[in-house]
Amino acid sequence: MANEAIAFFAAVIAVATVAYVVFTLRLWEATEKTAQAAGKSAQAATEAALAAKKSADMAAALHRPFIGLLRVTLKTGWGTDLWVIALAMKNYGTLPAMNAAAMIEFFTGNTRLTQITEPAAVQIFPSDEIESIVRLSMPTHRVQIQQGIEKLRIEVRIPYQAEDGRQFEYFAEVSYTQEGSFAIQKSETRAR
């Protein structure tokens with residue numbers, strides 16, 4: 001009976017050892033899966049944090065003044081050598097544009113006719129527009145421009161800044177069309 005008891009307990013110990021080994025292997029597999037899931041979760045959290053930072057940076061970049069040229073019109077002067085031209089500028093941004101100035105150059109081909117500079121003293125609030133009136137005297141070019149022999153080109157630069165000191169510059173190139181109007185050919189805004 002003693003041998004039977006020893007055999008029984010040896011069998012119980014053998015079964016318990018096998019069960020312990022199986023349990024340990026399954027625990028190791030579960031731990032491995034948990035570690036992989038934690039790694040994936042950490043990677044996803046890092047990607048989410050980067051996306052949130054990028055979104056916050058984009059929101060901050062868009063939360064600023066954004067000056068643009070709305071339209072250019074010939075007020076008076078058709079048929080005369082002195083044209084009065086109105087340039088309407090608008091703040092499309094969410095913050096006021098401070099110390100806005102205007103530098104306007106008129107060209108026929110590569111020849112500069114004149115340059116007009118307005119001082120940096122204008123503040124343009126969001127959704128507001130202002131109009132800058134300029135006078136262009138062109139006794140030797142008007143007829144050729146109106147007949148399409150020469151092309152009138154206007155380059156407009158508007159430096160301005162946000163309340164926090166960030167500085168920007170809007171640039172637009174405008175051309176006179178044969179229909180007696182002006183067309184904005186290209187425009188861009190850059191940080192300075």
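Taking hydrophobic clusters as Ile, Leu, Val, Met, Phe, Trp and Tyr residues chained together by side-chain heavy-atom distances below 4.5 Å, L87 shares a cluster with V122. Both L74 and L69 belong to a single network of hydrophobic side chains, linked directly or stepwise wherever heavy atoms of I, L, V, M, F, W or Y lie under 4.5 Å apart. Note on I145 and I85: same hydrophobic cluster, where clusters join Ile, Leu, Val, Met, Phe, Trp and Tyr whose side-chain heavy atoms are under 4.5 Å apart, directly or indirectly. In the hydrophobic cluster analysis, where Ile, Leu, Val, Met, Phe, Trp and Tyr join through side-chain heavy atoms closer than 4.5 angstrom, I67 is grouped together with I116. Residues I130 and Y160 fall within the same hydrophobic cluster, defined by Ile, Leu, Val, Met, Phe, Trp and Tyr side chains chained together at heavy-atom separations under 4.5 Å.
Remark: E169 CD to E188 CD distance equals 9.0 Å, nearest 0.5 Å. With rounding to the nearest 0.5 angstrom, the OG1 atom of T94 is 10.5 Å from the CZ atom of F66. How far OG1 of T108 is from CD1 of I149: 12.0 Å, rounded to the nearest 0.5 Å. Separating the CZ atom in F107 from the OG1 atom in T114 is a distance of 10.5 Å, to the nearest 0.5 Å. Rounding to the nearest 0.5 Å gives a distance of 9.5 Å between CZ of R71 and NZ of K90. Atom CE of M58 sits about 7.0 Å away from atom NZ of K54, to the nearest 0.5 Å.
Here the closest heavy-atom approach between residue S132 and residue M89 is recorded as CB-CE, 3.7 Å. Closest of all the heavy-atom pairs between V156 and I154 is CG2-CG2, 3.9 Å. For Y170 against S187, the heavy-atom pair with the smallest separation is OH-CB, 3.2 Å. The minimum heavy-atom distance between P65 and Q161, with the atom names listed, is CG-O, 4.1 Å. Here the shortest heavy-atom pairing between L95 and H63 reads CD1-O, 3.4 Å. Considering all non-hydrogen atoms of both residues, I184 and L70 come closest at CD1-O, 4.3 Å.
Looking at heavy atoms from C-beta onward, L113 lies in side-chain contact with L152 at the 4.5 angstrom threshold. Put simply, the side chain of V84 reaches to within 4.5 Å of the side chain of I133, judged on heavy atoms. A 4.5 Å side-chain heavy-atom check between R153 and V174 finds every atom pair outside the cut-off. Looking at P159 and Q167, their side chains never come closer than 4.5 Å, going by heavy atoms from C-beta outward.
Annotation for R26: atom CZ does not count as buried by contact number, only 12 or fewer foreign heavy atoms lying within 6.0 Å. For CG of N3, the number of neighbouring non-hydrogen atoms (other residues, nucleotides, ligands) closer than 6.0 Å is 12 at most.
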Report task. Evaluate salt bridge (charged side-chain N to carboxylate O under 4.0 Å, His left out) for E155 paired with R112, printing each intermediate quantity in order. Result -> CA-CA 10 Å; E155 290 184 3; R112 183 167 67 173; over 6 Å; no
Item checked: H141/L136 under side chain to side chain contact (heavy atoms under 4.5 Å, CB included): CA gap, chis, key distance, verdict -> CA-CA 11 Å; H141 298 279; L136 175 62; over 6 Å; no
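For N91 (side chain) and I124 (main-chain N/O), a donor-acceptor pair under 3.5 Å exists by modelled atom type. Remark: side-chain polar atoms of S55 are not paired, donor with acceptor, to backbone N or O of A51 under 3.5 angstrom. Distance alone, capped at 3.5 Å, places no donor-acceptor pair between the S41 side chain and the A38 backbone. Checked by atom type and distance alone, the side chain of T73 never pairs as donor or acceptor with a backbone atom of K75 at under 3.5 Å. Listed for the T34 side chain is a donor-acceptor partner under 3.5 Å among the backbone atoms of A30.
Geometric assessment of R166 against the ring of F168 yields a negative cation-pi assignment under the 6.0 Å and 45° thresholds.
Two rings, from W83 and F106, have their centers 6.0 Å or more apart.
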